[in-house]
Protein chains: 2
Amino acid sequence: MRAVPEQEQTAASLTLEDIAKLAGVSRSTVSRVVNEQPNVRNDVRQRVLDVIQTTGYQPNAAARALASQRSWTLGMILPHSVSFFFTDPYYPHLTKGIAQACNQHDYTLAFFLVGSKEDEEKIFPRVSRRGLLDGVLVQSGHHGDQEIISHLLDANIPLVVVGRPFRYDNVSYIDIDNVNASFNAVGHLMRLGYQRIGTITGPPNSTVGIDRKKGYLKALTERGREIDEALIVEGDFTETGGYYAMQKLLSSKPDAVFAASDIMAIGAMRAVRDAGLAIPDDIAFVGFDDLPIATFSDAKLTTMRQSVVEFGEKSVELLIDLIENGSQTPHHIILDTELVIRDTCGAKKRN
Amino acid sequence: MRAVPEQEQTAASLTLEDIAKLAGVSRSTVSRVVNEQPNVRNDVRQRVLDVIQTTGYQPNAAARALASQRSWTLGMILPHSVSFFFTDPYYPHLTKGIAQACNQHDYTLAFFLVGSKEDEEKIFPRVSRRGLLDGVLVQSGHHGDQEIISHLLDANIPLVVVGRPFRYDNVSYIDIDNVNASFNAVGHLMRLGYQRIGTITGPPNSTVGIDRKKGYLKALTERGREIDEALIVEGDFTETGGYYAMQKLLSSKPDAVFAASDIMAIGAMRAVRDAGLAIPDDIAFVGFDDLPIATFSDAKLTTMRQSVVEFGEKSVELLIDLIENGSQTPHHIILDTELVIRDTCGAKKRN
DNA sequence: TTCAATTATGAGAGCGCTCCCATAATTATA
DNA sequence: TATAATTATGGGAGCGCTCTCATAATTGAA
């Protein structure tokens with residue numbers, strides 16, 4: 001059933017043994033050179049390298065994986081809950097960060113986008129199949145993802161959750177300090193003198209949604225402000241969600257709004273303009289994420305920056321660390337955020 | 001250097017041989033059962049299946065790949081040109097379609113997101129490494145992607161381009177008939193009686209941009225209308241690009257606009273509203289893609305539907321066909337589109 | 001110059017499958 | 001019932017690597 005080998009002995013179908021013969025050394029020596037191991041004489045190493053160079057030899061990934069019990073492939077799972085993969089550009093960006101980090105570390109990224117809850121069942125055995133993945137990244141932080149996480153935990157496969165999961169004591173994850181970041185974002189608005197600061201939150205079944213709201217509340221209460229429930233409206237991390245949330249908020253007459261994501265801030269600002277109000281003069285804004293879209297609009301968005309690139313990098317590095325050093329105690333990494341002051345908060349006008 | 005096996009002989013680390021022993025048959029028989037091959041007595045098959053079921057056995061992917069010379073993994077390459085991966089939700093959607101199709105066909109999807117032109121060099125040897133991928137999908141249609149495509153072609157790896165590339169005589173690709181689709185979209189506006197139909201095109205270094213503009217021109221000229229260059233403005237498949245393009249267009253006083261993508265249409269409609277004009281009464285709109293966002297806004301977008309799910313499915317199926325039947329003649333698949341009439345074209349008001 | 005320590009090299013086994021082929025069991029046909 | 005055809009099963013080789021271990025070459029110290 002194997003395809004008939006045509007004319008060619010293509011470069012890529014050469015084996016270690018072939019290279020060894022061409023370089024006049026043994027398979028083992030070539031293997032050492034390929035894997036940059038010591039104990040090869042310099043001239044020999046160079047000779048082998050030359051042969052590899054001219055032939056364009058590439059080691060066979062499957063053979064290497066079988067022999068070394070390492071596939072050099074990481075899995076990334078997007079659970080069904082991450083259907084805003086399509087509505088919040090944050091996810092594509094994060095995905096890019098992860099993909100790039102994998103490249104840099106010479107890992108291949110396998111992508112498991114779970115379309116439906118049933119798909120999760122189907123994907124699970126695939127992910128836990130030996131010889132395919134060295135470790136798994138799960139983009140999560142949603143309440144519905146507990147099951148898949150504990151599945152993965154049971155399978156004893158190195159695992160990093162990207163975003164804090166609901167139960168996290170026994171799993172490694174990476175996140176930013178959402179509470180504190182939001183606290184600072186709202187604090188910034190308070191320092192600028194705004195009196196009626198509203199917020200558009202994320203959904204309450206996500207840790208991100210919960211934490212950012214918590215930071216908002218904390219900022220107000222710690223400085224003795226009263227919480228006005230009418231100033232808190234739930235969004236869903238979509239632009240449209242932000243738009244409608246803002247429409248509701250408008251009746252409570254806020255003078256500033258902290259939106260839990262840039263994309264919601266953009267939707268909300270559109271609602272403000274549609275209502276004939278000006279930003280930041282009538283209503284000031286602070287967003288969250290600092291995606292490129294934050295600067296696309298006329299009014300550049302003041303926002304809490306989290307470096308998605310760094311987020312991706314660190315997730316991958318944590319996972320690789322887990323794979324290579326296999327510690328059993330879960331690691332929790334919290335990345336920094338930084339307030340980026342642009343136009344929409346009104347800070348510049350007040351200087 | 002191998003990790004010390006702790007207490008467990010986890011289910012997933014069982015081998016074919018173990019299952020054989022447990023079921024009282026040979027390795028070969030288990031292999032036949034696992035791979036759903038004939039020539040196994042029913043009761044034996046059932047016995048083996050039971051053992052597999054209870055042990056949770058999963059064949060080792062690397063071993064299977066090595067022995068069968070098939071990795072059951074497809075690569076998806078997003079060249080650097082697809083940086084609008086982050087600005088046009090079309091790409092995440094398409095990615096989802098592809099990911100789901102891979103799942104359905106029991107392939108794993110490996111994801112190569114090329115961050116920079118230099119990355120392309122780095123990714124190339126990885127992709128052409130034997131034993132890793134059975135075939136490759138390239139999301140393309142951009143002028144800058146010729147190089148990577150011919151690289152892949154040289155490497156003699158089964159290849160499907162998703163979107164028509166600039167040179168396509170020697171490569172398999174899948175696309176929609178963009179010219180005809182746009183022709184129909186614009187024809188729809190003409191039939192509704194609009195006189196000054198403008199267009200916001202895609203960039204001219206993409207086949208999609210070129211073809212959709214071509215369809216626009218064809219629709220006008222075939223019906224004896226004159227082309228007014230002032231009614232043609234270039235966009236870049238981003239919402240912001242659509243917004244600014246529309247601002248330019250406004251001075252030419254169009255009564256209808258065909259936008260080459262939904263996301264640009266949405267940006268453009270925002271510009272129209274910001275200018276105090278109504279949709280569709282002052283300016284009618286037809287978009288292209290029919291992404292979910294088309295229906296999010298208040299004014300539901302009339303648009304040319306291309307099924308991204310089907311697009312993904314068909315790409316994967318074409319690639320699998322190439323892998324399994326390995327024909328040398330390139331296949332070109334053109335999918336259908338369908339005009340979805342909603343509010344923004346004004347058709348409903350006129351009935 | 002001699003022997004120990006160190007470094008370089010090669011041979012062999014084995015990773016866990018698939019696939020071919022030989023043989024055993026079963027069924028069909030005469 | 002005997003023999004041919006068919007179907008079921010098992011054993012062996014091999015996919016292309018890695019990694020351990022034995023041995024050869026080189027260097028250092030006495």
Side-chain angles (χ1 to χ4, degrees), chain A residues 1-5 9-48 52 55 57-73 129-132 134 324, chain B residues 1-5 9-48 52 55 57-73 129-132 134 324:
Chain A
M1 201 57 73
R2 201 163 300 172
V4 184
Q9 161 94 339
T10 50
S13 66
L14 289 168
T15 75
L16 253 200
E17 204 89 41
D18 297 326
I19 302 300
K21 225 163 276 167
L22 287 170
V25 295
S26 76
R27 208 181 10 157
S28 305
T29 299
V30 179
S31 174
R32 285 188 192 98
V33 172
V34 169
N35 295 300
E36 299 177 330
Q37 284 167 10
N39 299 342
V40 178
R41 235 169 51 215
N42 274 341
D43 57 322
V44 175
R45 186 183 297 272
Q46 197 50 57
R47 204 164 71 232
V48 174
I52 291 176
T55 55
Y57 166 76
Q58 290 280 340
N60 182 295
R64 169 180 281 193
L66 178 57
S68 66
Q69 306 286 38
R70 297 271 263 104
S71 66
W72 299 93
T73 299
R129 173 172 295 180
R130 298 285 134 155
L132 183 59
D134 289 341
E324 291 178 355
Chain B
M1 203 56 72
R2 202 164 296 171
V4 184
Q9 161 96 341
T10 50
S13 66
L14 289 168
T15 74
L16 255 199
E17 204 89 40
D18 297 327
I19 303 300
K21 225 164 275 166
L22 288 169
V25 294
S26 75
R27 206 183 14 164
S28 304
T29 298
V30 179
S31 174
R32 284 186 194 97
V33 172
V34 169
N35 295 299
E36 297 177 332
Q37 285 167 11
N39 301 341
V40 179
R41 237 168 50 215
N42 274 341
D43 58 321
V44 175
R45 186 183 297 272
Q46 197 51 58
R47 204 166 69 233
V48 173
I52 290 176
T55 56
Y57 165 76
Q58 290 281 340
N60 182 295
R64 168 180 281 192
L66 178 58
S68 66
Q69 307 285 38
R70 297 270 264 103
S71 65
W72 299 93
T73 300
R129 174 173 295 181
R130 299 286 135 153
L132 183 60
D134 289 342
E324 289 178 355

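Since this is a predicted model, take the numbers as computed values, not measurements. Note that these values count all heavy atoms, side chains included, but never hydrogens, waters or copies made by symmetry.
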Spacing of S26(A) atom OG and E17(A) atom CD [to the nearest 0.5 Å]: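 One finds 8.5 Å between OG of S26(A) and CD of E17(A).
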Distance (rounded to the nearest 0.5 Å) between T29(B) OG1 and R45(B) CZ: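 If we round to the nearest 0.5 Å, T29(B):OG1 and R45(B):CZ are 10.0 Å apart.
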Which residue, V34(A) or L66(B), contacts DNA chain D at a nucleotide closer to its 5' end, judged by nearest heavy atom?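 The residue whose closest nucleotide sits nearer the 5' end is L66(B).
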If only side-chain N and O atoms of [X] are considered, is one of them under 4.0 Å from the OP1 or OP2 phosphate oxygen of [N]?
X      : N       : value
N60(A) : dC15(D) : no
Y57(A) : dC17(D) : yes
Q69(B) : dG16(D) : yes

To the nearest angstrom, how far is [X] atom [atom1] from [N] atom [atom2]?
X       : N       : atom1 : atom2 : value
E17(A)  : dT18(D) : CD    : P     : 12 Å
R70(A)  : dG16(C) : CZ    : P     : 16 Å
L132(B) : dC15(D) : CG    : P     : 20 Å
Q37(B)  : dC19(C) : CD    : P     : 7 Å
W72(A)  : dG16(D) : CH2   : C1'   : 17 Å
L14(B)  : dG16(C) : CG    : C1'   : 12 Å
R64(B)  : dC17(D) : CZ    : C1'   : 20 Å

Taking only heavy atoms on the protein side, list every residue of residues 39-46 of chain B lying under 4.0 Å from any atom of DNA chain D, sorted numerically.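 DNA chain D contact set from residues 39-46 of chain B: N39(B), V40(B), R41(B), V44(B).
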Closest non-hydrogen atom pair, [X] against [Y]:
X       : Y       : value
R129(B) : A61(A)  : CD-CB, 3.9 Å
V30(B)  : A20(B)  : CG2-CA, 3.6 Å
D18(B)  : S13(B)  : OD2-O, 4.5 Å
A63(B)  : L66(A)  : CB-CD1, 3.7 Å
S71(A)  : A65(A)  : CA-CB, 3.9 Å
W72(B)  : D134(B) : N-OD2, 2.7 Å

R64(A) side chain near V34(A) side chain, heavy-atom distance below 4.5 Å: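 Contact flag for R64(A)/V34(A) side chains = yes.
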Heavy-atom check, side chain of Q58(B) versus side chain of L132(A), under 4.5 Å: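 No, their side chains stay 4.5 Å or more apart.
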Pairs: protein N or O with nucleotides 10-12 of chain C N or O, under 3.5 Å:
from	atom 1	to	atom 2	distance (Å)
dG10(C)	OP2	S26(A)	N	2.7
dG10(C)	OP2	S26(A)	OG	3.1
dG10(C)	OP2	T29(A)	OG1	3.0
dG10(C)	O6	R32(A)	NH2	2.8
dA11(C)	N7	S28(A)	OG	3.4
dA11(C)	N6	S28(A)	OG	2.8
dG12(C)	N7	R27(A)	NH2	3.0
dG12(C)	O6	R27(A)	NH2	3.1

Quantified as the angle between the terminal helix axes (five pairs each), what is the overall bend of the helix from dT1(C)-dA30(D) to dA30(C)-dT1(D) to 10 degrees?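 Rounded to the nearest 10 degrees, the bend comes out at 30°.
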Between the main-chain N or O of N60(B) and the side-chain N or O of R130(A), is there a donor-acceptor pair closer than 3.5 Å?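 Pair absent, no side-chain N/O of R130(A) close to backbone of N60(B).
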